[in-house]
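Keep in mind it's a predicted model, so treat the numbers as computed, not measured. Counting starts at 1 for both ligands and their atoms, in listed order. For reference, positions follow the sequence shown, starting with 1.
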Amino acid sequence: MTCDTVDIRRRNLLRGRARPSRPSIRPPWSDQNSFTSLCIRCGKCGEACPEGIVGAGDGGFPEIDFLKGECTFCGDCAAACPAPVFGDTAGNPWNAVAAAGASCLSAQGITCRSCQDSCDQSAIRFALAPGGIARVLVDGQACTGCGACVSTCPVGAITIQLHAGDGHAA
Ligand code: SF4
Ligand code: SF4
Ligand code: SF4
């Protein structure tokens, strides 16, 4: 993490901002149809999640809040579910990748590498451009959609995007 990044975080904290926008994603190994037709909204998946990232969203249906942490793909949510909502946890949890929005500081010429620093998959790199600008590039093959980079962004520029047809989007 750079000194500039630390300064930006501290400044934003003092100003009471830096709360990233909230993504709306269901727990892994499930899809939207499962929730509307099969989820009984018991909340057991949220109680089981050791990361505390599964909570009740609109209508009481569970959704992931990456502002609270990352998904480690432990499978505890699926194991706790009494309904046939979840698929095989040995399979792909979701087709989700991180993306940086327009508020990204690096894209505005301000030094920040917070998202890259938080990514254990080394899925984030930066493309340098004239004027001190660096654009976030996410390797869609390496990114697991874990969300670890979401809460670390000081300006909430990172969101987790679901691929079309994935079925996880709310
Ligand atoms: S897989 Fe584990 S960390 Fe991820 S949402 Fe489910 S319980 Fe939480
Ligand atoms: S444990 Fe299963 S049925 Fe209960 S709220 Fe979570 S997904 Fe829905
Ligand atoms: S979602 Fe996870 S794997 Fe993907 S870029 Fe962010 S930290 Fe890396």
Side-chain angles (χ1 to χ4, degrees), residues 1 5 20-101 103-107 112-127 134-163 166-170:
M1 185 185 306
T5 299
S21 60
R22 191 181 187 202
S24 181
I25 298 177
R26 304 303 184 197
W29 304 289
S30 62
D31 63 38
Q32 178 66 21
N33 289 335
S34 294
F35 281 95
T36 54
S37 61
L38 298 173
C39 174
I40 58 175
R41 291 174 278 184
C42 65
K44 290 186 177 178
C45 51
E47 295 170 8
C49 178
E51 304 301 319
I53 62 171
V54 181
D58 288 347
F61 291 101
E63 65 181 34
I64 300 287
D65 185 354
F66 287 122
L67 298 183
K68 295 180 178 177
E70 66 186 280
C71 180
T72 61
F73 306 111
C74 65
D76 287 0
C77 51
C81 181
V85 171
F86 291 85
D88 184 359
T89 56
N92 183 33
W94 49 31
N95 293 318
V97 294
S103 61
C104 172
L105 295 173
S106 292
C112 176
R113 295 293 185 271
S114 291
C115 55
Q116 186 179 51
D117 291 346
S118 66
C119 181
D120 290 340
Q121 303 299 316
S122 300
I124 294 178
R125 59 189 178 89
F126 288 82
R135 299 196 183 282
V136 171
L137 295 177
V138 178
D139 180 344
Q141 297 300 312
C143 177
T144 62
C146 71
C149 52
V150 173
S151 65
T152 59
C153 176
V155 294
I158 302 287
T159 56
I160 301 301
Q161 307 286 321
L162 293 155
H163 291 173
D166 180 87
H168 292 86

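- In this structure, the protein non-hydrogen atom closest to atom 3 (S) of ligand 3 is Thr144 N, 3.4 Å.
- Using modelled atom types and a 3.5 Å distance limit, the side chains of Glu70 and Thr72 yield no donor-acceptor pair.
- For ligand 1, the atoms sitting less than 4.0 Å from at least one non-hydrogen atom of Val54 are 5 (S), numbered in the order shown with element in parentheses.
- With a 4.0 Å cut-off on non-hydrogen atoms, Cys77 touches ligand 1 through its backbone as well as its side chain.
- In terms of protein heavy atoms, atom 4 (Fe) of ligand 1 is closest to Cys71 SG, 2.4 Å.
- The ligand atoms of ligand 1 that sit less than 4.0 angstrom from a heavy atom of Trp29 are 1 (S).
- In summary, the atoms of ligand 1 found under 4.0 Å from a heavy atom of Glu51, numbered by their order in the structure, are 3 (S).
- In terms of protein heavy-atom proximity, atom 8 (Fe) of ligand 3 is nearest to Cys119 SG, 2.3 Å.
- The shortest heavy-atom distance from Ala48 to ligand 2 is not under 4.0 Å.
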Discussion item. Assess the residue pair Phe126 and Leu137 against the criterion (side-chain contact (heavy atoms from CB on, under 4.5 Å)); give the C-alpha distance rounded to whole Å, side-chain angles, the decisive distance to 0.1 Å, and a yes or no.
Written reply: CA-CA 6 Å; Phe126 288 82; Leu137 295 177; over 6 Å; no

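- Of all the atoms in ligand 1, the ones that sit under 4.0 Å from a non-hydrogen atom of Phe73 are 1 (S), 4 (Fe).
- Summary of contacts: the protein heavy atom closest to atom 6 (Fe) of ligand 3 is Cys149 SG, 2.3 Å.
- Near Pro50, the atoms of ligand 1 lying under 4.0 angstrom from a non-hydrogen atom of the residue are 7 (S).
- Assignment of Ile160 to the shell around ligand 3 is supported, since a heavy atom sits closer than 4.0 Å.
- At a heavy-atom cutoff of 4.0 Å, ligand 1 is contacted by no atom of Phe86, backbone or side chain.
- Looking only at heavy atoms of the protein, atom 2 (Fe) of ligand 1 is closest to Cys74 SG, 2.2 Å.
- Among the backbone and side-chain atoms of Cys42, an N, O or S atom lies under 2.8 Å from atom 4 (Fe) of ligand 2.
- Residue contact annotation: Ile64 has a non-hydrogen atom under 4.0 Å from ligand 1.
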